[in-house]
There are 2 protein chains.
Amino acid sequence: MKLNTKGRYAVMAMADIAKCGLGGAPSKAVPMAQIAERQHISLPYLEQLFSKLRREGLVSSMRGPGGGYTLARPASQIYIGEIMQAVGEPVKMTRCNREKNESTGCIGGGDCNTHELWSALSDHIYNFLGSISLQDVIDKNVGSFGSLTSNLRAVNEKTGPEAIEEAI
Amino acid sequence: MKLNTKGRYAVMAMADIAKCGLGGAPSKAVPMAQIAERQHISLPYLEQLFSKLRREGLVSSMRGPGGGYTLARPASQIYIGEIMQAVGEPVKMTRCNREKNESTGCIGGGDCNTHELWSALSDHIYNFLGSISLQDVIDKNVGSFGSLTSNLRAVNEKTGPEAIEEAI
DNA sequence: TAAATACTTGACTGCTGTAGTCAGGAATTA
DNA sequence: TAATTCCTGACTACAGCAGTCAAGTATTTA
């Protein structure tokens, strides 16, 4: 269960633009070559990723000298989950492609005890990434979520899920 | 960001034991061949996994006719995170191996904007898996966590992530 | 003791998907 | 026109996963 470089690089690059593109009133375009150098990512590889980011409408591009990339929206309105999804970093914990209620989704049909676990895990990760914006990342404002769930765990260990509301 | 079969199969097998090992006062040993058949997992492959589960003290084995595996502890005291870790399914989102506070951990030293994000993601997943017991899984008692985080998602759903189904 | 059952271990292999390269092209500015 | 930058698709090496195979060891039943 590892993160691959596509998702990681894409977020790194987006954070780089968010950080270095500031200055002008219409925010300055950041050339890809600079991003590649600062983040130590191979330029041709980065080009692949930006092709996808552009198609998904997360960045805008300008060609020619002085050109480069800008964020298509303010950093506070771009969520990590979107970036991951755009470059094809799927959050996929279940093996079957069916809907939750179809028990036939799993191999052999009907005897998959663990489907709901993996499904819940996917949701959990998805929600986490969908709740953190690029702005949060460059502000290093990510810790709160981690500590929140730590509290939940402590509650759950003692008294069970009923006490969760207290924790919030 | 996918789950590989090691972790998935290990949890499936453990859940199978938890479910099928009941009956006798000292819970009945479940032969691996039965698990393999019920869960549609190749027997030799499963043997590899159980070797690790046994070494980590999560299951006990009994040889000879009538032998098999039993859980080393009650299902309510075995957490999914332990199983995943035992079979070598690491939850690793960061690339560098250093501690949180060492900024030199990341490549090039000091310019890794996203380290804390991945670190928080790892924590998040780890806490989730560490809070769900095998008993929760066989009782299908996993949903509460999912619905909790769904509330978080609702906050940014206005602007944000479409195509949830694709992500799952 | 012998046979049956079941666990144990290590080495081996095919293959998929990731990570990265390469080459050429198109738009824009000066 | 020349320089700069983005854009696109095809291609490839390689690691690691998933699974196999073979030979062994321990335990119980008869």
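Any value given below was found using the heavy atoms of this structure, including those in side chains, with hydrogens, waters and symmetry copies removed. Residue numbers start from 1 in every chain, and the chains themselves are labelled A, B, ... in the order their sequence lines are given, proteins ahead of strands. Treat the numbers as computed from the prediction; the structure is a model and nothing was measured.
- Of the residues in residues 7-14 of chain B, none lies under 4.0 Å from DNA chain C by heavy-atom distance.
- We find that OH of A:Tyr45 is positioned 14 Å from C1' of D:dC14, with the value rounded to whole Å.
- Phosphate proximity of C:dT9 to B:Ser51: present, with a side-chain N or O under 4.0 Å from OP1 or OP2.
- Spacing between atom CZ of B:Phe50 and atom C1' of C:dT9 amounts to 16 Å, rounded to whole angstrom units.
- Evaluation of the salt bridge (Lys or Arg N to Asp or Glu O under 4.0 Å) test over residues 72-84 of chain B, restricted to residues two or more places apart or in two chains, returns B:Arg73-B:Glu82.
- In this entry the distance linking NZ of A:Lys52 with C1' of C:dT18 reads 11 Å, nearest Å.
- Residues B:Ala33 and A:Asn4 both approach DNA chain C. Their nearest nucleotides, taken by heavy-atom distance, put B:Ala33 toward the 5′ side.
- Considering only residues two or more places apart in sequence or on other chains, A:Ala13 meets the side-chain contact (heavy atoms from CB on, under 4.5 Å) condition with A:Ile35, A:Leu46, A:Phe50.
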> How would nucleotides 10-17 of chain C be written as a contact map, 5' to 3', with B for base contact, S for sugar-phosphate-only contact and - for no contact, using protein heavy atoms under 4.0 Å?
Replying inline: -B------

> What string of B, S and - do you get for nucleotides 24-30 of chain D 5' to 3' if you count protein non-hydrogen atoms under 4.0 Å?
Replying inline: -BBBB--

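- Residues satisfying the salt bridge (charged side-chain N to carboxylate O under 4.0 Å, His left out) criterion with B:Glu89, sequence neighbours excluded, are absent altogether.
- Between A:Thr114 and A:Trp118, the side chains place a donor N or O and an acceptor N or O closer than 3.5 Å (distance only, hydrogens not considered).
- Applying the side-chain hydrogen bond (donor to acceptor under 3.5 Å, both in side chains) criterion to B:Gln135, with sequence neighbours excluded, gives B:Asp139.
- Per the geometry, NE2 belonging to B:His40 stands 17 Å off C1' belonging to D:dG19, to the nearest Å.
- OP1 or OP2 of C:dT8 lies within a sub-4.0 Å distance of a side-chain N or O belonging to B:Ser61.
- The phosphate of D:dT20 (OP1 or OP2) has a side-chain N or O of B:Ser42 nearer than 4.0 angstrom.
- Both B:Pro31 and A:Leu3 sit near DNA chain C, but only B:Pro31 has its closest nucleotide nearer the 5' end.
- Per the geometry, CE belonging to A:Met32 stands 11 Å off C1' belonging to D:dT8, to the nearest Å.
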Name every donor-acceptor pair, under 3.5 Å, that has one atom in a side chain of residues 56-70 of chain A and the other anywhere in the protein, sequence neighbours excluded.
none

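- A pairwise comparison of heavy atoms in B:Val87 and B:Lys52 identifies O-NZ, 3.8 Å as the closest pair.
- By the side-chain hydrogen bond (donor to acceptor under 3.5 Å, both in side chains) test, B:Gln85 pairs with no residue at all, sequence neighbours left out.
- Applying the salt bridge (Lys or Arg N to Asp or Glu O under 4.0 Å) rule to pairs touching residues 2-16 of chain B yields B:Asp16-B:Arg38, sequence neighbours excluded.
- Looking at residues two or more places apart in sequence or on another chain, you find a side-chain hydrogen bond (donor to acceptor under 3.5 Å, both in side chains) between B:Thr5 and B:Tyr45.
- Rounded to an integer number of Å, the gap from CG of A:Leu53 to C1' of D:dT8 is 15 Å.
- Residues that satisfy the side-chain hydrogen bond (donor to acceptor under 3.5 Å, both in side chains) test with A:Ser51, not counting sequence neighbours, are A:Arg55.
- In this structure, the CE atom of A:Met1 is 14 Å from the P atom of D:dC17, given to the nearest Å.
- Residue contacts shown for B:Tyr69 are limited to sugar-phosphate atoms, with no base heavy atom under 4.0 Å away.
- Protein atom NZ of A:Lys6 is 5 Å distant from nucleotide atom P of C:dT18, rounded to whole Å.
- At distances below 3.5 Å, not a single donor-acceptor pair connects side-chain atoms of B:Asp136 with backbone N or O atoms of B:Ile132.
- At the phosphate of D:dA18, OP1 or OP2 sits under 4.0 Å from a side-chain N or O atom of B:Thr5.
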